[in-house]
Protein chains: 2
Amino acid sequence: MANEDTRPLTLRDVSEASGVSEMTVSRVLRNRGDVSAATREKVLEAAKALGYVPNKIAGALASQRVNLVAVIIPSLSNMVFPEVMTGISRVLEDTELQPVVGVTDYLPEKEERVLYEMLSWRPSGVIIAGIEHSEAARAMLKASGIPVVEIMDVDGTPVDSMVGISHRRAGREMGKAILKAGYSRIGFMGTKMPLDHRARKRFEGFTEALAKGGIEIADQEFYSGGSALAKGREMTEAMLKRTPDLDFLYYSNDMIGAGGMLYLIEQGIDIPGQIGLAGFNGVELLQGLPRRLATMDACRLEIGTKAAQIIAGLVEDPKSTVEKIVELTPTISYGDTLKRR
Amino acid sequence: MANEDTRPLTLRDVSEASGVSEMTVSRVLRNRGDVSAATREKVLEAAKALGYVPNKIAGALASQRVNLVAVIIPSLSNMVFPEVMTGISRVLEDTELQPVVGVTDYLPEKEERVLYEMLSWRPSGVIIAGIEHSEAARAMLKASGIPVVEIMDVDGTPVDSMVGISHRRAGREMGKAILKAGYSRIGFMGTKMPLDHRARKRFEGFTEALAKGGIEIADQEFYSGGSALAKGREMTEAMLKRTPDLDFLYYSNDMIGAGGMLYLIEQGIDIPGQIGLAGFNGVELLQGLPRRLATMDACRLEIGTKAAQIIAGLVEDPKSTVEKIVELTPTISYGDTLKRR
DNA sequence: TTGAAAGCGCTAACAA
DNA sequence: TTGTTAGCGCTTTCAA
């Protein structure tokens with residue numbers, strides 16, 4: 001039976017209904033300490049009959065333990081963070097810990113607010129995307145006294161530990177592969193980057209690699225907002241109108257790359273002969289496209305997995321030592337749009 | 001300065017550092033009650049200097065108020081729920097409330113666990129996808145004594161209130177439009193549906209509409225897992241091999257529809273002359289495809305918005321009356337793949 | 001405008 | 001194996 005009035009049920013209600021002390025009821029409900037089968041039975045029955053749901057707020061305050069892991073990411077709407085979340089969830093499912101996500105929309109101020117908000121719930125750990133944070137945010141993370149893992153990127157210094165790839169290196173590798181394949185008139189398309197540090201670092205690594213080969217980017221364009229697939233299509237069309245002699249297009253993510261690819265196929269352009277293409281991320285989506293876009297896996301699943309493992313390990317044994325820096329190595333898949341050499 | 005030891009800071013620390021009573025510190029930090037500008041200043045300074053982050057666990061227990069809204073959805077990895085989330089977040093951002101999401105993977109047992117878990121934090125409201133829940137889940141929702149909004153679907157009876165579309169009607173409307181356009185050899189592709197009630201209802205409505213026109217589905221296939229785009233491609237190829245005389249393909253979501261469309265274009269099949277296509281959802285992604293797939297908007301943003309408004313209204317004034325059933329009406333967009341008649 | 005006391009619902013620690 | 005007592009860190013309530 002549901003309770004008749006609106007007052008939420010408490011342990012005391014279950015205690016009274018079952019004739020067992022609050023403390024013992026608490027023990028039964030948490031499977032802690034020795035309780036006789038008979039008492040246990042009585043308690044469980046009463047709790048179920050009443051429809052009692054424990055109050056974790058009170059429990060957490062009393063025990064000084066909150067089995068929550070704050071996960072702070074820029075966005076849920078592209079494909080990358082859901083996959084990181086999958087990795088995190090899989091690991092945490094085998095523990096007492098639960099992820100709670102906060103979204104920052106790539107805004108530093110919002111990141112700060114979200115972090116403050118989440119820390120005020122006293123989570124057991126924090127997983128946060130990126131290593132660029134405001135001074136205040138870094139201070140909060142440091143002062144929190146809980147395990148902190150910064151993810152996605154390893155080009156910089158972590159507050160505590162970090163798991164990710166070097167985006168600068170990723171950009172460089174792709175640049176080298178493109179040069180090696182013999183392309184030389186290269187266009188770049190990507191998001192407006194002031195706040196997307198990882199995209200910026202890839203771009204920097206990329207131009208650096210080209211420069212080493214004595215080549216400069218021949219054209220570039222940046223977008224923000226809208227359907228990425230459509231943007232890729234539009235930008236590609238515009239860029240080829242503007243700079244018709246390009247022989248390679250490097251996209252800062254797979255979605256715009258896919259849009260570009262669909263456009264080029266429609267135009268009957270030979271890929272990768274006349275124009276080569278590459279994106280970044282290795283999204284599953286690509287598998288259904290007419291050609292497999294060349295791309296680079298960002299190791300999203302492993303990043304989530306590894307980060308969660310670090311937190312879980314540290315929560316279980318705070319004095320255990322863990323790797324402070326875990327750099328994963330993305331690999332290029334050439335697909336059908338980048339000549340192999 | 002960050003605290004030197006590991007003990008988290010408390011109000012008392014701020015009180016001592018500022019020479020102001022805990023109570024007044026609390027008032028300053030929450031902007032409640034009258035506090036002189038001088039005291040206020042002192043407190044804020046001390047709190048900032050210490051790097052104090054309030055403990056919401058304790059605050060929530062004392063005030064019996066938790067400004068969290070539990071949002072329980074089946075998945076984050078398709079496009080539909082992130083957009084619902086966007087609607088919810090936008091509305092809640094103007095209030096004290098914060099969404100906290102739980103994911104069920106379309107599993108009733110997991111839904112039950114997640115719900116129990118979230119309710120144990122005593123949120124101010126619940127937004128939960130679907131109207132099919134286990135008996136236990138419904139009981140918990142009822143007993144919780146907080147506002148509950150079931151979203152996405154209105155074909156059934158809500159625990160409290162619901163906001164969504166009629167998927168049965170959506171399927172029917174699409175069936176009617178297809179018949180009206182003159183198609184008659186119709187194939188269906190979709191997810192395995194035992195647990196995706198909304199897909200099942202669309203399918204039922206669809207076959208019902210066809211039956212009224214004296215037509216039966218000529219072929220059908222169901223999938224689970226994998227890249228939806230790739231699956232759409234594969235299933236379409238297989239189905240057309242098996243049943244070459246089909247003149248229409250109805251997909252239970254846009255992603256597989258897009259995969260099918262890409263395949264048909266490659267095969268040089270005339271769309272929508274030789275074969276017509278339709279999907280479901282109106283995902284933004286479609287905008288970049290070679291043709292605009294016929295689809296039906298599922299009103300995801302409005303669903304999120306409306307649901308959050310109901311919760312926010314009820315939290316502000318628990319005795320305010322709200323619509324218990326909000327049925328939104330999806331509209332067909334014919335795109336380039338369904339003849340208009 | 002400020003402060004003191006009481007207690008939110010639970011669990012740690014100890015006692016029986 | 002079970003129960004009792006004393007808080008967890010804050011806010012409510014009431015008094016000054």
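Letters A, B, ... mirror the listed sequences (proteins, then strands); counts begin at 1. Just so you know, these numbers use all the heavy atoms, side chains as well, and skip hydrogens, waters and symmetry mates.
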Out of D:dG7, C:dT2, D:dC10, minimum distance to the side chain of B:Thr10 belongs to D:dC10
Electrostatic pair A:Asp153-A:Arg198, nearest N-O below 4.0 angstrom:
no
- D:dT1 phosphate, OP1 or OP2: any side-chain N/O from A:Ser36 under 4.0 angstrom? no
Fill in: OP1 or OP2 of D:dG7 under 4.0 Å from side-chain N/O of A:Gln64
no
Is the phosphate of C:dT2, meaning OP1 or OP2, less than 4.0 Å from a side-chain N or O of B:Ser21? no
Double-helix bend of the helix from C:dT1-D:dA16 to C:dA16-D:dT1, axes at both ends from 5 pairs, round to 10°, gives 30°
Considering only heavy side-chain atoms of A:Ser63, the closest of D:dC10, C:dT11, C:dG3 is C:dT11
Among D:dT2, C:dC10, C:dG3, the one nearest any side-chain atom of A:Ala58 is C:dC10
With the side chain defined as heavy atoms from C-beta on, B:Arg30 is closest, among D:dC10, D:dT12, C:dA12, to D:dT12
Q. Do the charged groups of A:Arg65 and A:Glu96 touch, with an N to O distance under 4.0 Å?
A. no
With the side chain defined as heavy atoms from C-beta on, B:Leu61 is closest, among C:dT2, D:dG9, D:dT4, to D:dG9
Winner on side-chain proximity to A:Arg27, out of C:dA13, D:dC10, D:dT1, is C:dA13
Could you tell me whether A:Arg65 contacts a base, only the sugar-phosphate backbone, or nothing, with contacts defined as non-hydrogen atoms closer than 4.0 Å?
sugar-phosphate
*Touch check for A:Asp34, heavy atoms < 4.0 angstrom, all strands: base, sugar-phosphate only, or nothing?*
base
*Does a nitrogen or oxygen in the side chain of A:Tyr52 sit under 4.0 Å from OP1 or OP2 of C:dG9?*
no
Exercise for review: State whether a side-chain donor-acceptor pair under 3.5 Å links A:His133 with A:Glu150.
Suggested key: yes
Side-chain contact check for A:Ser26: nearest option of D:dT1, C:dT11, C:dT1 is C:dT11
